[in-house]
Novice: 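Here it is, the structure, as structure tokens.
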Amino acid sequence: MAGCRGSLCCCCRWCCCCGERETRTPEELTILGETQEEEDEILPRKDYESLDYDRCINDPYLEVLETMDNKKGRRYEAVKWMMVFAIGVCTGLVGLFVDFFVHLFSQLKFGVVQTSVEECSQKGCLALSLLELLGFNLTFVFLASLLVLIEPVAAGSGIPEIKCYLNGVKVPGIVRLRTLLCKVFGVLFSVAGGLFVGKEGPMIHSGAVVGAGLPQFQSISLRKIQFNFPYFRSDRDKRDFVSAGAAAGVAAAFGAPIGGTLFSLEEGSSFWNQGLTWKVLFCSMSATFTLNFFRSGIQFGSWGSFQLPGLLNFGEFKCSDSDKKCHLWTAMDLGFFVVMGVIGGLLGATFNCLNKRLAKYRMRNVHPKPKLVRVLESLLVSLVTTVVVFMASMVLGECRQMSSSSQIGNDSFQLQVTSEDVNSSIKTFFCPNETYNDMATLFFNPQESAILQLFHQDGTFSPVTLALFFALYFLLACWTYGTSVPSGLFVPSLLCGAAFGRLVANVLKSYIGLGHIYSGTFALIGAAAFLGGVVRMTISLTVILIESTNEITYGLPIMITLMVAKWTGDFFNKGIYDIHVGLRGVPLLEWETEVEMDKLRASDIMEPNLTYVYPHTRIQSLVSILRTTVHHAFPVVTENRGNEKEFMKGNQLISNNIKFKKSSIVTRAGEQRRRSQSMKSYPSSELRNVCDEHVPEEPAEKEDLLQQMLERRYTPYPNLYPDQSPSEDWTMEERFRPLTFHGLILRSQLVTLLVRGVCYSESQSSASQPRLSYAEMAEDYPRYPDIHDLDLTLLNPRMIVDVTPYMNPSPFTVSPNTHVSQVFNLFRTMGLRHLPVVNAVGEIVGIITRHNLTFEFLHARLRQHYQTI
């Protein structure tokens with residue numbers, strides 16, 4: 001075995017042991033770049049496509065604007081409000097469906113197995129009870145794994161993928177109807193199957209899919225069902241609805257509409273405005289009250305009472321009336337909360353470190369193998385989890401004395417669940433009367449019931465039981481997250497942290513003698529500390545927990561605990577969702593760049609080797625460019641030539657390109673002439689003289705001063721026709737010759753023009769070219785035709801396409817001297833996909849995409865910068 005390279009090889013600075021460097025994985029072979037030798041990190045892949053949040057202001061769009069008035073604008077806004085309401089209602093109904101069947105299946109499973117245990121505890125046939133539990137769990141987990149085989153994107157919680165989508169990255173298949181169905185039914189079976197997973201994370205993904213698909217009124221899975229709905233046919237609108245859907249998923253999961261809105265803002269969306277905030281909050285409210293209305297009616301029979309706001313309810317935290325010394329928390333407790341935040345951050349960093357190592361192991365040894373291996377791994381996890389739960393409940397538990405409130409249900413508990421539910425969640429396996437099995441009460445219950453027991457059960461839990469439960473649950477939850485089943489991480493983290501907090505409370509009460517300690521508060525702070533240490537969320541998680549507890553006085557301790565947990569965990573590694581984003585190689589953009597990155601400029605990070613098109617280009621050239629490149633946008637350019645008059649005489653195509661260049665260049669004299677035509681009178685005689693002044697045209701023989709400057713810098717020019725594709729035989733001067741920038745056109749737009757036969761012959765004027773409307777250009781959204789599926793026999797390769805009406809003539813651009821922080825802020829806040837770099841004389845010198853702004857790319861460029869100093 002190879003020795004350690006000087007120090008321990010670890011995924012964080014203080015855990016995991018050394019091992020040999022593994023060979024490159026199949027996933028890494030698809031990455032266009034190398035891996036960092038010191039940490040073997042996966043670099044961002046270049047095959048991910050970005051979303052278009054910026055509007056393309058072309059002629060079809062301008063035609064739509066011309067027809068818009070205040071009435072149509074109000075109607076469009078009203079339709080958008082109706083859509084966000086429908087998204088909220090549908091997300092609430094999805095949550096209701098999942099909760100109903102999870103409760104039904106879990107009740108069936110635990111009812112059968114508990115009856116068997118009670119009978120077999122006297123007959124000595126507990127092995128039969130274990131087999132029954134294994135039969136239920138393995139069947140459910142097998143069904144969940146099969147659904148993930150149908151749609152692999154449905155695995156996991158879906159939060160990393162939605163975070164990428166809101167950040168501007170198009171993850172394939174993430175918001176499809178088939179993904180939603182596999183996710184909903186898969187999480188239903190995985191939770192009912194006893195795995196240590198939650199349904200709250202997948203609810204966020206499900207809400208995002210509803211938000212993406214509902215306003216489209218069409219699906220690739222249901223091709224025959226289509227409606228003529230002309231609204232929201234752009235990435236900009238779709239991404240706003242995905243933000244609303246994700247927020248509605250959080251609101252339905254926790255009954256926290258404000259927390260859901262902040263989650264959507266904090267965890268992904270790079271572009272935000274006040275109007276979007278109102279719509280997202282309205283959508284979250286709709287989801288919360290839809291779920292609350294139906295759950296309260298179904299469970300309590302009192303329709304319209306609104307007693308169950310979310311899938312996970314923490315109950316009301318309230319001291320017993322008989323205990324006068326009890327306080328929810330005091331100022332002295334803040335010191336303990338800070339220490340718990342530090343420990344929670346360390347535990348979260350350990351969890352993330354181990355899970356990252358497991359994920360890399362799966363990438364190397366499980367994913368490349370047949371898909372059946374993934375199903376077998378899920379079944380193995382289910383088998384081990386079931387055996388551990390059963391054996392721990394039967395063997396490791398202690399019989400603890402029931403308190404009076406446990407038998408009848410205290411007031412705070414009764415506000416959320418009935419006394420029947422309280423009594424049924426207390427397990428008395430092998431314990432005499434008036435006592436209960438504390439380990440079985442935690443393990444042999446749905447996770448939500450176990451959380452409520454730790455938050456509100458006045459009876460004591462043994463410190464040994466809590467420690468064993470925490471250790472077993474920690475390891476099994478870490479192993480489970482990442483398997484091929486839909487799985488959330490919120491509830492397992494809350495339960496694990498609640499056990500840690502309850503353990504701290506027991507130690508402080510029993511061994512230090514602090515009688516004023518309220519165990520429920522410490523359980524809640526422990527849950528917040530561990531969850532914060534794993535996911536590293538601050539603002540949204542604070543509000544979610546406050547809304548879930550319905551206790552505003554917990555705001556300060558929860559906020560302090562989460563901040564400390566995040567700071568502690570960030571010292572060692574990233575949050576669990578950021579880790580899985582990095583493992584997928586997604587080019588995610590952070591909130592801002594590091595300070596030292598301002599040593600770089602746009603010219604240092606741009607891509608100067610461009611593939612471009614001319615305003616008028618032959619079909620054969622467009623097809624060649626589209627088929628031989630993978631770029632999603634192309635600059636529209638013209639060349640700077642000194643002998644343009646000669647070229648205009650012999651070729652109509654070149655003449656059209658040169659005429660377009662001359663007509664599109666704005667000069668001060670030409671702009672003054674245009675304005676003077678509409679000027680009637682001015683009080684100043686000097687201005688009237690300027691208006692009346694005729695600016696003579698320059699003689700044809702006299703060359704423009706700018707042209708002379710370009711000639712001196714770039715000579716000689718290659719005499720290449722615009723219908724020729726770039727050649728590998730070009731010299732450096734030919735490949736990087738000066739090009740005047742006129743706009744950007746997308747690959748999808750070029751393919752649409754070719755499919756619809758938008759072109760003209762050389763003997764005709766470009767005005768004879770057919771015109772497409774905005775609706776026709778967006779008809780195939782979001783899945784435009786592929787150039788490789790185009791039937792070339794239907795096209796005349798010598799025909800010419802005028803792309804100028806369909807390009808974006810005014811995209812955002814930057815100067816080559818712009819600092820990287822300015823480039824990054826412009827790109828991220830405006831949701832750009834491509835950012836041309838244009839010099840002082842209007843020439844395009846490069847282009848910047850998302851991949852040029854990733855953390856890894858910028859650091860590589862910074863190292864090169866230091867080497868050249």
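Along the sequence shown, the residues carry numbers beginning at 1. These values consider heavy atoms only, across backbone and side chains, with no hydrogens, waters or symmetry-generated copies.
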Novice: Could you pull out all residues at least two apart from Tyr577 that satisfy ring-ring contact (aromatic ring centres under 6.0 Å, His included)?
Specialist: none

Novice: Just jot down the salt bridge (charged side-chain N to carboxylate O under 4.0 Å, His left out) partners of Asp578, sequence neighbours excluded, or say none.
Specialist: Lys163

Novice: Is the side chain of His205 donor-acceptor paired with the backbone N or O of Gly156 at a distance under 3.5 Å, no angle test?
Specialist: no

Novice: Can you establish whether the number of heavy atoms outside Glu594 located under 6.0 Å from its atom CD is more than 12?
Specialist: yes

Novice: Can you list the residues that meet the side chain to side chain contact (heavy atoms under 4.5 Å, CB included) rule with Ile343, with sequence neighbours excluded?
Specialist: Val339, Leu347, Phe500

Novice: In the structure I gave you, are the side-chain heavy atoms of Leu466 and Ser462 within less than 4.5 Å of one another anywhere?
Specialist: no

Novice: Are the side chain of Thr568 and the backbone of Ala565 linked by a donor-acceptor contact shorter than 3.5 Å?
Specialist: no

Novice: So, using salt bridge (charged side-chain N to carboxylate O under 4.0 Å, His left out) as the criterion, who are the partners of Lys183 when residues are at least two apart?
Specialist: none

Novice: Can you confirm whether Thr829 sits close enough to Phe824 that some side-chain heavy atom of one is under 4.5 Å from a side-chain heavy atom of the other?
Specialist: no

Novice: Where is the tightest heavy-atom contact between Pro257 and Ser284, given as atom of each residue plus distance?
Specialist: O-CB, 3.5 Å

Novice: Could you walk me through whether Asn167 and Val586 pass the side-chain contact (heavy atoms from CB on, under 4.5 Å) check?
Specialist: CA-CA 10 Å; Asn167 192 260; Val586 179; over 6 Å; no

Novice: Where the side chain of Ser548 meets the backbone of Leu545, is there a donor-acceptor pair that is under 3.5 Å apart?
Specialist: no

Novice: What salt bridge (charged side-chain N to carboxylate O under 4.0 Å, His left out) pairs are there with at least one residue in residues 460-470, not counting sequence neighbours?
Specialist: none

Novice: Among pairs that include at least one residue of residues 245-254, which meet salt bridge (charged side-chain N to carboxylate O under 4.0 Å, His left out), considering only residues two or more places apart or in two chains?
Specialist: none

Novice: Mind checking whether Leu503 and Phe470 have side chains closer than 4.5 Å, heavy atoms only?
Specialist: no

Novice: Give a yes or no on whether the backbone of Cys353 and the side-chain of Arg357 come within a donor-acceptor separation of less than 3.5 Å.
Specialist: no

Novice: What pairs meet the side-chain hydrogen bond (donor to acceptor under 3.5 Å, both in side chains) rule with one or both residues in residues 534-544, with sequence neighbours excluded?
Specialist: Glu266-Thr538, Glu266-Ser540, Arg536-Asp570, Arg536-Asn573

Novice: Check the pair Phe474, Leu354 against side-chain contact (heavy atoms from CB on, under 4.5 Å), reporting the backbone distance first and the verdict last.
Specialist: CA-CA 11 Å; Phe474 179 95; Leu354 296 175; 4.1 Å; yes

Novice: Identify the heavy atoms of Ala251 and Thr288 that sit nearest to each other, and give their distance.
Specialist: CB-OG1, 3.2 Å

Novice: Who are the side chain to side chain donor-acceptor pair (under 3.5 Å) partners of Ser393, not counting sequence neighbours?
Specialist: none

Novice: One pair to check against side-chain contact (heavy atoms from CB on, under 4.5 Å): Leu166 and Ser264. What are the steps and the verdict?
Specialist: CA-CA 8 Å; Leu166 296 179; Ser264 186; 4.2 Å; yes

Novice: State yes or no: are the ring centers of Phe254 and Phe314 separated by less than 6.0 Å?
Specialist: no

Novice: Checking Val581 against Cys164 for the side-chain contact (heavy atoms from CB on, under 4.5 Å) test, could you report, in this order, the C-alpha distance in whole Å, the side-chain angles of both residues, the deciding distance, and whether it holds?
Specialist: CA-CA 8 Å; Val581 168; Cys164 295; 3.7 Å; yes

Novice: Output yes when a side-chain donor or acceptor of Ser190 lies under 3.5 Å from a complementary backbone atom of Pro486, and no otherwise.
Specialist: yes

Novice: Taking Asn365 for the side chain and Tyr361 for the main chain, is one N or O donor matched with an acceptor at less than 3.5 Å?
Specialist: yes

Novice: Tell me, please, which residues at least two apart from Thr521 pass side chain to side chain donor-acceptor pair (under 3.5 Å).
Specialist: Tyr554

Novice: Would you say the side chain of Leu524 lies within less than 4.5 Å of the side chain of Ile558, judging by non-hydrogen atoms?
Specialist: yes

Novice: Show your working on salt bridge (Lys or Arg N to Asp or Glu O under 4.0 Å) between Glu377 and Arg362 and close with a plain yes or no.
Specialist: CA-CA 10 Å; Glu377 185 202 13; Arg362 289 188 178 104; 2.6 Å; yes

Novice: More than 12 non-hydrogen atoms from neighbouring residues, nucleotides or ligands closer than 6.0 Å to CH2 on Trp567, yes or no?
Specialist: no

Novice: With sequence neighbours left out, write down each residue that passes side chain to side chain donor-acceptor pair (under 3.5 Å) with Tyr481, or none if nothing qualifies.
Specialist: Ser157

Novice: Counting N and O atoms only, with roles assigned by atom type, does the side chain of Glu200 sit under 3.5 Å from a partner on the main chain of Gly488, one being a donor and the other an acceptor?
Specialist: no

Novice: Only counting residues at least two apart or in another chain, list the ones meeting side chain to side chain donor-acceptor pair (under 3.5 Å) with Tyr473.
Specialist: Gln447

Novice: Identify each donor-acceptor pair in which a side-chain atom of residues 527-534 lies under 3.5 Å from a protein atom, sequence neighbours left out, and give them as a table.
Specialist:
none

Novice: Would you mind reporting whether Phe490 and Ile159 have side-chain heavy atoms less than 4.5 Å apart?
Specialist: yes

Novice: Testing the basics here: between Met597 and Leu858, what is the closest heavy-atom pair and its distance to 0.1 Å?
Specialist: SD-CB, 3.7 Å

Novice: Less than 4.0 Å between a side-chain N and a carboxylate O, is that true for Glu590 and Arg828?
Specialist: no

Novice: Are the side chain of Asn825 and the backbone N or O of Ser821 linked by a donor-acceptor pair below 3.5 Å?
Specialist: yes

Novice: At their closest point, which heavy atom of Ser378 faces which heavy atom of Thr483, and how far apart are they?
Specialist: OG-CB, 4.1 Å

Novice: Please find the pair of heavy atoms, one from Thr854 and one from Pro587, that lie closest to each other, and give the distance.
Specialist: CG2-CB, 3.6 Å

Novice: Looking at Arg502 and Ser519, what are the two nearest heavy atoms and their distance?
Specialist: NE-CB, 3.4 Å

Novice: Check whether Asn352 reaches the backbone of Lys574 with its side chain - one donor and one acceptor, N or O, closer than 3.5 Å.
Specialist: yes

